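To start, the structure itself, in structure tokens.
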Amino acid sequence: MSLDYSGRNLRGKSFKGQNLTNADFSHADIRGANFTNAVLKGANFSHAKAGLQKRQAIFLVFVSLLLAGLSGFLFAFNGFLASFMFNNKSLENQVISWLTIIITIIFFVAAVRRGIQFAFGAGALTGAGAGAGTVVGALALAGALALAGALAVALTGAGAGTLTGAGAGVGTGVVALAVALALAVAGALTGALALTGALAVAGVIAGALALTGSLAGALTLALTGAGALAVALTLALAVAVAGALVSAYIGWRAMKGDEKYAFIRNIAIAFAAFGGTSFRNADLTNANFTSATLKNTDFRNATLTRTCLRNVKKLDYARPGNTYLKYPQLRQVLITGNGRQKNFERQNLRGINLQGADLIDVSLIGADLSKANLQDSDLSRAKLVQTQLNATDFTGATLTGAYIEDWNITTDTNFRGVRCEYVYMRLPTDDNPEPWRKPDNREEVFGDGEFGDFIKPIVDTLDLYHNQGVDPRAIAISFKELAENNPDADLELVAMEKRGADKFLIRTKVAPEADKSELNQQYFETYNYLKTLSPAEQKQHYLNQLSEKDKEIELQQKQLASFENMVGTALGHPHSIATDIKTILVLAANPKTTSHLRLDEEVREIDAGLQRAKKREKFDLQQRWAVGVRDISQALLDFKPHIVHFCGHGGGDDGLAFEDQTGKLQYVSTAALAGLFELFSPKFNQKVECVILNACYSEVQATAISQHIPYVIGMTQAIGDRAAIEFAVGFYSALGAGESIDFAYKLGCNAIAIAGISENLTPVIHPK
């Protein structure tokens, strides 16, 4: 019999490590309760109230009072430094004063425009250039001001009374970050009057100490002959007000989800969750949190398989850890059930509960939805391409018009009662908006229950689908390792199919109880790693896994060679992996603040051109999207490419446009790019032999890179989307036909001219 705690006061209770399967906590007060490591499968937390207890919140408010007072005292020092400008008798004092003001202004402007982290860098650089001895204190004070206000606003809820208290209590100083964190936690206090009053007291103390410090500084100046008490006080107050306003703005933006201030929000939420309700490491499989309040709740490392979070409150204030709750867009879908036209491509959504959700036109390409609850959800026209769907429950869902190309369904995938009139076996294109419709007759539709019968023949196997750059040896090694590491899975090869130009499917039977999603993940982790190695390194990797016995090694090697030849035969080239396969790495970047480019079309056309080519098996196309400055070298290390194709924006002398951590524009300089490609050139035994910079005004970078790479192509001026695409299609069609880079360049230019575009002279090749 399940335990009944419904409606009870469980504040501060410990359930640590207990088995509470199917327990009823509905309408209970579980603030401060500890469910760490508890088993809560099927538990009911509907309308429960989680978060901090009053005593914990009051304690943190008390801490905030102490820190706010200390911060206010230190802020007085900032006013004291600024007031030195009125000391005409000391040039040194005036320099200190002006540097303090300048650095503070620089910090505030940078924080508002580019984010806190950038602001700290800008302020530190300015302080270092000006002389760190007297300015470090001003920089720390100015930086702490922004952090204090932002963090206070972030978790106090930004209500009128709270904002007033936060503004009044913005005592800025070296320890203001600690103040802000304490005030943020104080925002979890249940009573609004108590919170506002506490913050007001903190503001009074901070303000009083700040005023005292300012008066002391001004009085000192008066005694030395400056006589500027009123002016100094006015200046100190002006700086305080400006800091409070900037801090309030930053806090507001942080709560709105502005990525520039994400770390402020994360720190505040993490600190405020300390002492709140803890579900850390708890098993919440099938638990129900409908309409619960989850402010200041810790979900780190919790198992959230099919956990219901519909209509929950304050989930944005919970500490998500690395669970799927860390995605803001996904949290809203979980709460509201509205995921229409959202993009969750390649995200790990294992075990998510989207029962009854509106998922029309959602994109789930490459996502992992294994063990997810999609009962009664509307997935009309959803893109389920290469989606992992092991044990996913589609009971009563709508799949009409869905795109199911190479989706991975298993015997455990539940299609009972699915409503589906027709599906498409491929993604749409401009030429074919309804590709491979099933049923084939467009006048027919599936009847009740027919879709499940239609799809059933392909659910009894584990499908290992490979797209682009098939490596027979890597496949053979990966499959053998998978079988050896999972003997209970009883893997048995059923079929190998070549799909399209260079796509490949291995189909194998598995034991009914095997976790097919886990097997798929293990296989591709090994395969993707092996693809980065040379044939010799691949062989050595496999030998390292074998027994030390010579006979065992010899037998295993023969089996490996046999399997490798089988894969090669299925692909149409029966020998072991060729050493002359060339990897093409596409790096695409279109930062948020730049004009939109048709990069997806360009890459799709490159892929299509290679697939049509006679020697397509000699090329392996790899792609990296939304490339950030940190991703460039990592992609080069991962894929060891022969050809690097950049598509995006160029800025002439400014460099090439990549993305920063927030998706905004960040130029990488010409010198930095040239230095990077030098490291990946034949000089260092690397493979890059050609770089194409399909971006406006990129000739300056092409010229610099050509000092190290045999062939580099850049653009002398702005190039339109159509011209860029035509050039890429012509260039790679020629390469795929076995022509030289010189010939491919000329054909690419000619393709622009044939298309009637007057930009055929824009691409320029730079041989080394």
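Since we're looking at a predicted model, the values are computed, not measured.
The six-membered or imidazole ring of F677 lies away from that of F684, with a centre-to-centre distance of 6.0 Å or more. F680 and H708 have their aromatic ring centers separated by at least 6.0 angstrom.
A heavy-atom distance below 4.5 Å is found between the side chains of C690 and F731. Between Q386 and N408 the shortest side-chain heavy-atom distance does not fall below 4.5 Å. Counting heavy atoms from C-beta outward, E481 and H541 have side chains that approach closer than 4.5 Å. Counting heavy atoms from C-beta on, the side chains of L621 and V586 come closer than 4.5 Å. Within the 4.5 Å cutoff, side-chain heavy atoms of I765 are placed close to those of I741. For the pair P763 and I752, the minimum side-chain heavy-atom distance is below 4.5 Å. Within the 4.5 Å cutoff, side-chain heavy atoms of I632 are placed close to those of L676. F639 has its side chain out of reach of T532: every pair of non-hydrogen atoms, C-beta onward, lies at least 4.5 Å apart.
Using a 30° and 60° split on the angle between ring planes, H645 and Y732 fall in the tilted class, from 30° to 60°. Ring geometry for Y403 versus Y424: interplanar angle under 30°, hence parallel rather than tilted (30 to 60°). Using bins of under 30°, 30° to 60° and over 60° for the plane-to-plane angle, the ring pair Y527/F524 lands in the perpendicular bin.
Between the side chain of Q622 and the main chain of L585, no donor-acceptor pair closer than 3.5 Å is present. The closest donor-acceptor contact from the side chain of D638 to the backbone of A635 lies at 3.5 Å or more, if one exists at all. Listed for the S698 side chain is a donor-acceptor partner under 3.5 Å among the backbone atoms of A695. With hydrogens and angles disregarded, no donor-acceptor distance shorter than 3.5 Å links the side chain of H766 to the backbone of A702. A donor-acceptor pair under 3.5 Å is formed between the side chain of E537 and the backbone N or O of S534. In this structure, S733 contributes its side chain and G730 its backbone to no donor-acceptor pair below 3.5 Å. The backbone N or O of L364 lies less than 3.5 Å from a partner atom in the side chain of T387, making a donor-acceptor pair. Judged by distance alone, the side chain of N348 and the main-chain N or O of R350 form a donor-acceptor pair under 3.5 Å. No donor-acceptor pair under 3.5 Å is formed between the side chain of E605 and the backbone N or O of A728. Here the side chain of N694 pairs no donor or acceptor atom with the backbone of C647 at under 3.5 angstrom.
A salt bridge links R381 to D361: one of the charged nitrogens lies within less than 4.0 Å of a carboxylate oxygen. A salt bridge between E345 and K383 is absent, with no side-chain N of the basic residue lying under 4.0 Å from a carboxylate O of the acidic one.
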For this session: Show your reasoning for whether side-chain contact (heavy atoms from CB on, under 4.5 Å) applies to V644 and L636.
Result: CA-CA 9 Å; V644 178; L636 293 172; 3.7 Å; yes
Problem set entry | side-chain hydrogen bond (donor to acceptor under 3.5 Å, both in side chains) assessment of D368 paired with S370 | CA-CA 6 Å; D368 188 350; S370 298; 2.8 Å; yes
For this session: Decide yes or no on side-chain contact (heavy atoms from CB on, under 4.5 Å) for Q686 and K640, but give the supporting numbers first.
Result: CA-CA 7 Å; Q686 299 296 316; K640 305 289 185 183; 3.8 Å; yes
For this session: Could you walk me through whether I692 and F727 pass the side-chain contact (heavy atoms from CB on, under 4.5 Å) test, one step at a time?
Result: CA-CA 11 Å; I692 299 96; F727 176 80; 4.2 Å; yes
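Qualifying salt bridge (Lys or Arg N to Asp or Glu O under 4.0 Å) partners for E678, counting only residues two or more places apart in sequence or in other chains: K683. The salt bridge (Lys or Arg N to Asp or Glu O under 4.0 Å) search around R331 returns D316, not counting sequence neighbours.
Atom NZ of K746 sits in a sparse spot, with 12 or fewer heavy atoms from other residues, nucleotides or ligands closer than 6.0 Å. Residue Y697 qualifies as open at atom OH: its count of foreign heavy atoms under 6.0 Å is 12 or below.
Judged by distance alone, the side chains of T762 and Q717 do bring a donor and an acceptor atom under 3.5 Å apart. Side-chain atoms of W625 and Q623 form a donor-acceptor pair, as typed in the model, at a separation below 3.5 Å. Side-chain contact of T670 with Q701: a donor-acceptor pair under 3.5 Å is present, judged by distance alone. Side-chain contact check for T662 and D660: at least one donor-acceptor pair (N or O, by modelled atom type) lies under 3.5 Å.
Rounding to the nearest 0.5 Å gives a distance of 6.0 Å between CG of L349 and CG of L330. Rounded to the nearest 0.5 Å, atoms CG (L384) and CD1 (I365) are 9.5 Å apart.
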